[in-house]
There are 2 protein chains.
Amino acid sequence: MRLVRQQGFGGTSVDALCAAAGVTKGAFFHHFASKEALGVAAAAAWGAHAASLFDDAQYRRDPDPVARVLAYVDHRAALLEGAAWEFTCLAGTMVQELHESSPAIREACRASIFGHADSLAGDFHDAIADRGVVGVTGIGLARHVQAVLQGGFIMAKANGGPEAARDAVAHLRHYLVLIFGEENDHD
Amino acid sequence: MRLVRQQGFGGTSVDALCAAAGVTKGAFFHHFASKEALGVAAAAAWGAHAASLFDDAQYRRDPDPVARVLAYVDHRAALLEGAAWEFTCLAGTMVQELHESSPAIREACRASIFGHADSLAGDFHDAIADRGVVGVTGIGLARHVQAVLQGGFIMAKANGGPEAARDAVAHLRHYLVLIFGEENDHD
DNA sequence: CAAAGCATACCAACCAGTCGGTATGAGTCA
DNA sequence: TGACTCATACCGACTGGTTGGTATGCTTTG
């Protein structure tokens with residue numbers, strides 16, 4: 001689904017998709033009722049891909065929850081390399097374009113983005129409880145992390161390189177450190 | 001340019017644009033060499049619009065620079081009302097869609113977004129100097145503010161309402177308060 | 001009159017989606 | 001075993017409509 005990430009959903013024709021995937025148009029419409037159905041399936045697949053990337057990563061076994069959330073952010077920062085289509089979020093790209101015209105795709109993208117935030121909320125909740133932080137919630141902080149990442153992607157697209165996104169993530173990390181303090185049992 | 005904000009650039013045809021503006025296609029192509037030229041002009045106009053909205057707002061005369069930057073964020077939060085197309089950023093929307101396919105529009109959107117950040121950098125610089133904050137720069141912080149806003153817009157589009165964007169801005173304000181402390185001469 | 005501003009009709013390219021047809025393989029029965 | 005049926009997977013030419021853009025001529029203004 002690289003083409004959609006490069007050119008957008010509307011900018012990618014079904015013909016182009018089929019040519020890139022090496023299938024014919026007949027096969028495409030045999031498997032998907034419409035182009036919109038492909039968008040829904042792509043968003044769902046993206047959510048599953050994200051889950052497989054982050055859900056059982058090594059760093060999630062650190063006993064200190066603050067170390068876990070900082071490691072997650074560092075991991076995200078490390079992925080910011082290459083061209084925009086290589087590190088940006090398919091769900092964020094699609095929902096921006098289609099949130100008004102296709103409720104089905106909007107919902108699939110929402111599920112992907114907020115679902116990923118949900119999967120992080122536990123660690124943030126533990127970190128908040130562990131440090132006795134007040135004024136923020138685990139789910140709220142997890143969603144804010146996603147918002148900053150999405151915003152960083154837009155800055156990177158505007159600027160033509162990943163540096164702008166890395167700056168945003170660096171500020172995000174700074175925010176978390178100000179909230180939680182540095183991690184305990186590292187170094 | 002409401003149509004572009006609702007449906008995206010590719011999703012809005014020149015015919016629809018002309019109908020909405022009450023002009024004919026002949027007049028359109030008399031004024032713009034191409035649809036892409038319209039996009040460039042729209043991004044530039046958006047930047048000018050933002051400048052007129054924020055550059056000489058009342059709150060920018062507060063003698064405390066920290067009060068100024070917090071007032072800016074509060075002002076942005078207050079604008080998060082209604083449907084997504086009413087409060088989201090035209091430049092952010094367009095650059096996401098066209099950053100690869102149209103370098104001219106990408107550059108115009110970059111100028112709009114980063115130009116607005118530049119116009120805030122002075123206040124952030126003053127706030128940093130005033131409070132003796134280390135580890136962040138005025139321009140870096142101003143750009144981060146834009147990134148969080150853009151990310152909030154995406155979360156709002158995914159969620160179908162402005163609440164998600166307000167949450168992001170609330171965390172952004174929290175970050176600034178942690179960095180600078182509360183403002184001095186307010187209340 | 002001459003140029004600029006604008007309107008109308010038009011074009012080739014492209015779009016998502018359709019449709020008649022084929023290939024294949026599993027199940028049935030004599 | 002082999003002829004028959006049925007369902008699923010797949011093919012690619014085709015269609016009706018839309019796209020950005022153009023060609024031409026009218027109309028207003030200086």
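Residues A:Ala33 and A:Gly11 both approach DNA chain C. Their nearest nucleotides, taken by heavy-atom distance, put A:Gly11 toward the 5′ side. Remark on DNA chain C: of its neighbouring residues A:Phe9 and A:Gly26, the 5'-side contact belongs to A:Phe9, judged by nearest-heavy-atom nucleotide.
Ring planes of B:His116 and B:Tyr72: tilted class, angle from 30 to 60°. Aromatic ring orientation, B:Tyr175 versus A:His174: perpendicular (interplanar angle above 60°, classes split at 30° and 60°). Under the 30°/60° scheme for interplanar angles, the aromatic rings of B:Phe54 and B:His75 are found to stand perpendicular.
Atom CZ of A:Phe28 is separated from atom P of D:dC10 by 14 Å (rounded to the nearest Å). The interatomic distance linking B:His30 (NE2) with D:dG25 (C1') rounds to 15 Å, in whole Å. At whole-Å resolution of the value, CG in B:Asp15 and C1' in D:dT18 are 8 Å apart.
Residue contacts shown for A:Lys25 include a base, since a base heavy atom lies under 4.0 Å away.
Contacts between chain B and DNA chain C, taken as any atom within less than 4.0 angstrom of a protein heavy atom, begin and end at C:dG5 to C:dT8.
Interatomic distance, B:Ile179 CD1 to A:His171 NE2, rounded to the nearest 0.5 Å: 7.0 Å. Note that SG of A:Cys109 and CG of B:Asn159 are 12.5 Å apart. Values are rounded to the nearest 0.5 Å.
The salt bridge (charged side-chain N to carboxylate O under 4.0 Å, His left out) test with A:Arg68 singles out one residue from A:Asp123, A:Asp74, A:Asp62, and that residue is A:Asp123.
The side chain of A:His31 contributes no N or O atom lying less than 4.0 Å from OP1 or OP2 of D:dT8.
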